[in-house]
Asks: 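Pasting in a structure now, in structure tokens, and then I'll have a few things to ask.
Since the structure is predicted, the reported quantities are computational estimates derived from the model, not experimental observations.
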Amino acid sequence: MTEMSNTRSTAQEAQGASRSRFWRLMRYIPLIAPLLLWAVPCWVLLHTGQRWPLPVTLAGTAFFALGLAGMPFAMARGHGRRQQDRAAIVGDTLLGGSWVLFTWSVLLGVPLRLVLTVAGVGDGQGRARIVTWTVLCVAAVLLAWGYAEARRVPRVRRLDVPLPRLGAGLDGTRVVLITDTHYGPLDRARWSARVCETVNSLEADLVCHTGDIADGTAERRRAQAAPLGTVRATRALVYVTGNHEYYSEAQGWVDLMDELGWEPLRNRHLLLERGGDTLVVAGVDDVTAESSGLAGHRAHLAGALQGTDPDLPVLLLAHQPKFVDRAAAHGIDLQLSGHTHGGQIWPFHHLVRLDQPTVAGLSHHGARTLLYTSRGTGFWGPPFRVFAPSEITLLVLRSPERSTSP
């Protein structure tokens, strides 16, 4: 027993050290990322033997230089103290576009140049220009497609989730999960209304929103969030805070969701009963809540479960997947989370994995705990989704003893 405890302690220390290194690295990202995002594609597309006419070279270099200078400026004005929506839209769009150009300049441009060289296709200038046009075309197609993917109403993802402790009376319980709607600088009030219509069409027993409602205060984004007041469920609408609420007066969002008919599960629970069986539905504040300085805001799982029967199955709402370590330690049956956006723009999911145990989908943790991580219903920042589609999730809870009722 002691050896197992020591092994677990060593593993946890190693994981903690890894995350600590990750966050130390993240401190430098804002300094070096813009330079890499703009300088690398500039070099690959303009200055590796293409020999473009001088006006083309100068204009292209000026474009990348303006992007390098303009993106951080627009991001600061859009997401800093000024909160200027137009600047945020410009900065976010430049961020997404530069990420796609950087990614495909490296992952496609460099190997393609090598393949063309080995195959003996053309001369050096011809090969370099083929690389440039190929990367530009791929980036343009992906950005156009990614924009359409980000702005559309998410497709519904349906899956059955078996819970061994779920009573037969609760078999077939329909849980709809939306998360990370991120109402923001781009007005998405109509999109929000269509999302809510889709949710209502699923005839859910329980509808959950696991945070990151918006970027901006409740007062500022009220019009986009208002359609959430039209959502219907046979049992309950429940909500927990995400980290972005704590950038934008979180208590205002808690109050607005309560006003719209959603029950904020701030380290609380409710009981969902059907057919003589009971499911505990609990929720916790986001893990960043305590550092926000707001009185009473923190992630407190023991408080959320206080007074519950330990033999009852528990469905937990927690914004970030990494809360699953605590959930598994408490024997939670199913945790629902968002936060990751599935990476949003490929291959950003590899960076997400440095901070979160999962990026998307259903996963097992500990002896009993299941975690479902949604790719998110909206998008944050760059209005693009590339190989990481948004979703509205319908989870049908299944008991080992199926009910005879439909």
Asks: Taking the ring centre of each residue, are Trp145 and Phe387 less than 6.0 Å apart?
Replies: yes

Asks: Identify the residue among Ser374, Pro321, Pro357 that makes a side chain to side chain contact (heavy atoms under 4.5 Å, CB included) with Thr340.
Replies: Pro321

Asks: Kindly compute the distance separating CE (Met71) from CG (Leu95), expressed to the nearest 0.5 Å.
Replies: 5.5 Å

Asks: Got a second to check how far Glu259's CD is from Leu228's CG, nearest 0.5 Å?
Replies: 12.0 Å

Asks: Would you check, one step at a time, whether the test salt bridge (Lys or Arg N to Asp or Glu O under 4.0 Å) holds for Glu219 with Arg222?
Replies: CA-CA 5 Å; Glu219 180 181 359; Arg222 173 182 282 268; over 6 Å; no

Asks: Would you check if Leu142 and Phe384 make a side-chain contact, meaning some heavy-atom pair closer than 4.5 Å?
Replies: no

Asks: Counting distance only, does the side-chain N/O of Gln50 pair as donor-acceptor with the main-chain N or O of Val44 below 3.5 Å?
Replies: yes

Asks: Given the rule in the side chain to side chain contact (heavy atoms under 4.5 Å, CB included) test, do Gln83 and Arg220 qualify, once you have shown the distances and angles that lead to the verdict?
Replies: CA-CA 11 Å; Gln83 294 285 302; Arg220 192 172 187 185; 2.9 Å; yes

Asks: Would you name the heavy atoms of Ala189 and Pro227 that are closest together and state the gap between them?
Replies: O-CG, 3.9 Å

Asks: Which of these, Thr132, Thr48, Thr117, sits in a side chain to side chain contact (heavy atoms under 4.5 Å, CB included) with Arg127?
Replies: Thr117

Asks: Strictly distance-based, threshold 3.5 Å: is any side-chain N or O of Thr210 a donor or acceptor partner for the main-chain N or O of Leu317?
Replies: no

Asks: Nearest 0.5 Å, please: how far is CH2 in Trp380 from CG in Asp215?
Replies: 7.5 Å

Asks: Hey, does Val175 have a side-chain heavy atom less than 4.5 Å from the side chain of Tyr372?
Replies: no

Asks: May I ask you to say whether Arg51 pairs ionically with Asp123, meaning some side-chain N is under 4.0 Å from a carboxylate O?
Replies: no

Asks: Examine His341 together with Phe348 and report whether their ring centres are nearer than 6.0 Å.
Replies: no

Asks: Under the side chain to side chain contact (heavy atoms under 4.5 Å, CB included) criterion, do Leu136 and Leu101 qualify, and how do the steps go?
Replies: CA-CA 8 Å; Leu136 288 176; Leu101 268 178; 4.1 Å; yes

Asks: Is it true that a side-chain atom of Asp333 and a backbone atom of Leu315 form a donor plus acceptor pair closer than 3.5 Å?
Replies: no

Asks: Would you find more than 12 non-hydrogen atoms of other residues, nucleotides or ligands less than 6.0 Å from Glu263 atom CD?
Replies: yes

Asks: Please verify the inter-ring angle class for His244 with Tyr247; under 30° counts as parallel, over 60° as perpendicular, anything in between as tilted.
Replies: perpendicular

Asks: Given side chains that start at C-beta, do those of Asn200 and Val231 come closer than 4.5 Å, heavy atoms only?
Replies: yes

Asks: Between CG of Leu256 and CD of Glu249, what distance do you get to the nearest 0.5 Å?
Replies: 12.5 Å

Asks: Atom OG1 of Thr288 and atom OH of Tyr246: how far apart are they, to the nearest 0.5 Å?
Replies: 6.5 Å

Asks: Please evaluate residues Glu245 and Tyr239 with respect to the criterion side chain to side chain contact (heavy atoms under 4.5 Å, CB included), reporting the C-alpha separation (whole Å), side-chain torsions for both, the decisive distance (0.1 Å), and the verdict.
Replies: CA-CA 12 Å; Glu245 277 85 328; Tyr239 154 74; 2.8 Å; yes

Asks: Indicate the atoms forming the closest heavy-atom contact of Ala388 with Arg375, along with that distance.
Replies: C-CD, 4.4 Å

Asks: So do the side chains of Ser390 and Arg152 get within less than 4.5 Å of each other, counting heavy atoms only?
Replies: yes

Asks: Are any non-hydrogen side-chain atoms of Ser192 and Tyr183 less than 4.5 angstrom apart?
Replies: yes

Asks: Any chance you could measure Arg157, atom CZ, to Ile392, atom CD1, to the nearest 0.5 Å?
Replies: 14.0 Å

Asks: Would you please test Trp191 and Arg194 for side chain to side chain contact (heavy atoms under 4.5 Å, CB included) and show each step?
Replies: CA-CA 5 Å; Trp191 173 88; Arg194 294 171 63 197; 5.8 Å; no

Asks: Check the surroundings of atom CD in Gln125: do more than 12 heavy atoms from other residues, nucleotides or ligands lie under 6.0 Å from it?
Replies: yes

Asks: Can you give me the closest heavy-atom contact between Ala328 and Thr369, atom names plus distance?
Replies: CA-OG1, 3.2 Å

Asks: Between Arg266 and Asp285, is a salt bridge (Lys or Arg N to Asp or Glu O under 4.0 Å) present by the stated rule, with each step listed?
Replies: CA-CA 6 Å; Arg266 296 199 49 249; Asp285 291 339; 3.0 Å; yes

Asks: Please determine which of Leu334, Leu336, Val284 meets the side chain to side chain contact (heavy atoms under 4.5 Å, CB included) test together with Leu316.
Replies: Val284

